[in-house]
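Reviewing the structure listed below.
One-based numbering, in listed order, for ligands and for the atoms of each.
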Amino acid sequence: MANEKTTTMKNRKIAIIGLDSVPPELMFQKLLNKLPNIKKMYERGLHGNLVTCHPPITVPAWMVMMTGKNPGKLGIYGFRHRRGYVYKDGYIVNSTHVKEETVWQVLGQEGKKSIVLGIPPGYPPKQIENCEIVSCFITPSMDKAFTNPPELKNEVLNVSKGKYIFDVTFRTENRDAIKKELFEMTEKRFDVAEYLVKNKPWDFFIMHEIGFDRLHHAFWKFFDPTHPKYVAGNQYEHLDEEYYKMVDGRIGNLVTLFGEDCLTFVLSDHGSKGMHGAFCVNQWLEKEGYLAFKTPPSGVTDIEKADIDWSKTKAWGWGGYYARIFFNVEGREPNGIIDPKDLESEKKKLADKINNSIVDDKGRKMRNSVFEPDELYGTALGDKPDLMAYFGDLNWRSAGTVGHDSLYLFENDTGPDDSVHSMNGIFLMYDPKRNLGGRELRGLRIEDIAPTLLSMYGIQVPKDSIDGHVLEEVVRA
Ligand SMILES: [Zn+2]
């Protein structure tokens with residue numbers, strides 16, 4: 001029986017519509033009745049929460065999904081990384097940092113053709129056999145080579161009338177401008193998606209839309225009545241509905257174009273929720289005696305520009321959705337002071353403090369989590385931090401800047417932003433030929449997607465080299 005189904009699948013297509021940052025609370029609850037296409041897929045297909053990786057961030061999450069490997073194996077812990085153990089040099093992850101094979105690479109070796117539209121990090125576009133690739137939102141500009149094969153670029157530009165939009169500028173106060181560009185960008189993405197589906201041969205299609213993430217970051221406080229800064233009757237109160245509805249229409253068209261022989265997945269890389277504030281991790285480390293300045297910062301200062309006294313500094317941290325914490329280790333950092341044999345005990349001591357002694361702005365204990373990368377992932381390659389800390393169940397961002405009057409900020413220190421990421425993304429599978437009854441699946445994890453897809457194409461997945469598991473319920477549905 002199982003064999004029969006696997007064989008049948010081998011002759012069918014699979015399409016993934018990737019919606020960055022979409023939480024089940026919005027798509028499957030609040031807005032479901034306003035989204036006729038998603039609702040139909042939800043009621044006739046299979047759905048569930050897709051638990052994301054640590055950290056729940058776009059880069060590495062899509063690569064975890066498409067390789068089946070955890071961030072430790074990928075050696076990718078966020079967008080930006082420290083270069084080795086130097087104090088001030090860093091780099092932004094791009095496609096060349098991903099060494100593991102993606103689903104479309106494996107399929108290409110098997111002679112199957114893929115369309116890959118915007119999966120991050122997708123710039124610079126890799127040359128992969130049997131793949132038509134358009135790079136992602138980290139692409140610096142339209143002038144760069146952003147497709148594989150290179151001549152595909154002209155087709156993308158023609159479809160988008162000379163202006164393809166990779167991303168919007170979203171951490172600004174000009175909300176009207178963000179809104180306009182957001183809708184324009186997403187419409188163009190779906191125009192290109194439709195063009196590729198109609199004009200290129202494919203067995204596997206995958207696209208990514210960053211617009212949801214930008215909508216959430218720029219407008220969360222306007223449409224979420226539970227957000228502390230929400231004001232009833234504001235002009236963007238229903239913008240979530242407006243945007244989700246527009247995309248729902250485009251998804252409906254796309255699924256029709258996929259045809260009756262295509263199995264469609266709608267997936268997100270993590271969820272979103274309202275931000276409570278930002279916790280100033282470096283100011284706290286200073287208060288606890290871990291960090292010292294030669295000259296105290298005058299005004300708000302980036303930690304990399306602060307005048308740190310390394311001879312008295314044991315640890316410092318980075319801002320973002322979570323705090324990356326680095327220790328100043330003798331023989332490892334240029335001016336290290338911690339004896340390498342004390343590093344493990346120092347990590348434990350600081351992790352205990354973060355877990356047990358940090359309170360929020362109202363004096364309540366913060367629900368923090370601290371991870372040590374090697375323990376969390378089994379193996380942690382690349383430029384990993386010594387500790388990873390989540391503040392207040394990720395409701396508090398980490399602020400890396402120093403020179404604030406308080407440990408608690410109620411604005412993001414890198415520009416207007418009112419949402420953070422959460423651990424649950426969405427999973428939706430739809431087969432136009434069959435009614436699967438709208439069943440909910442539980443225990444779905446982001447690293448399970450790649451092995452499940454490969455198994456559906458009849459490709460054996462080596463169990464020891466991959467962190468995910470084949471979702472048998474999905475393969476056999
Ligand atoms: Zn994301």
Do Asn282 and Trp316 have side-chain N/O donor and acceptor atoms under 3.5 Å apart?
no
So Glu473 and Arg439, salt bridge (Lys or Arg N to Asp or Glu O under 4.0 Å) or not? Walk me through it.
CA-CA 11 Å; Glu473 264 189 300; Arg439 253 191 320 130; 3.3 Å; yes
What angle sits at the Zn ion (ligand 1) between OD1 of Asp20 and OD2 of Asp269, to 10°?
110°
If you draw a 6.0 Å radius around CZ in Arg367, do more than 12 non-hydrogen atoms from other residues or ligands fall strictly inside?
no
Hey, is the Zn ion (ligand 1) within less than 2.8 Å of some N/O/S atom on Ser268?
no
Are there over 12 heavy-atom neighbours, none belonging to Lys88, within less than 6.0 Å of that residue's NZ?
yes
Heteroatom test (N, O or S) for His421 near the Zn ion (ligand 1), limit 2.8 Å
no
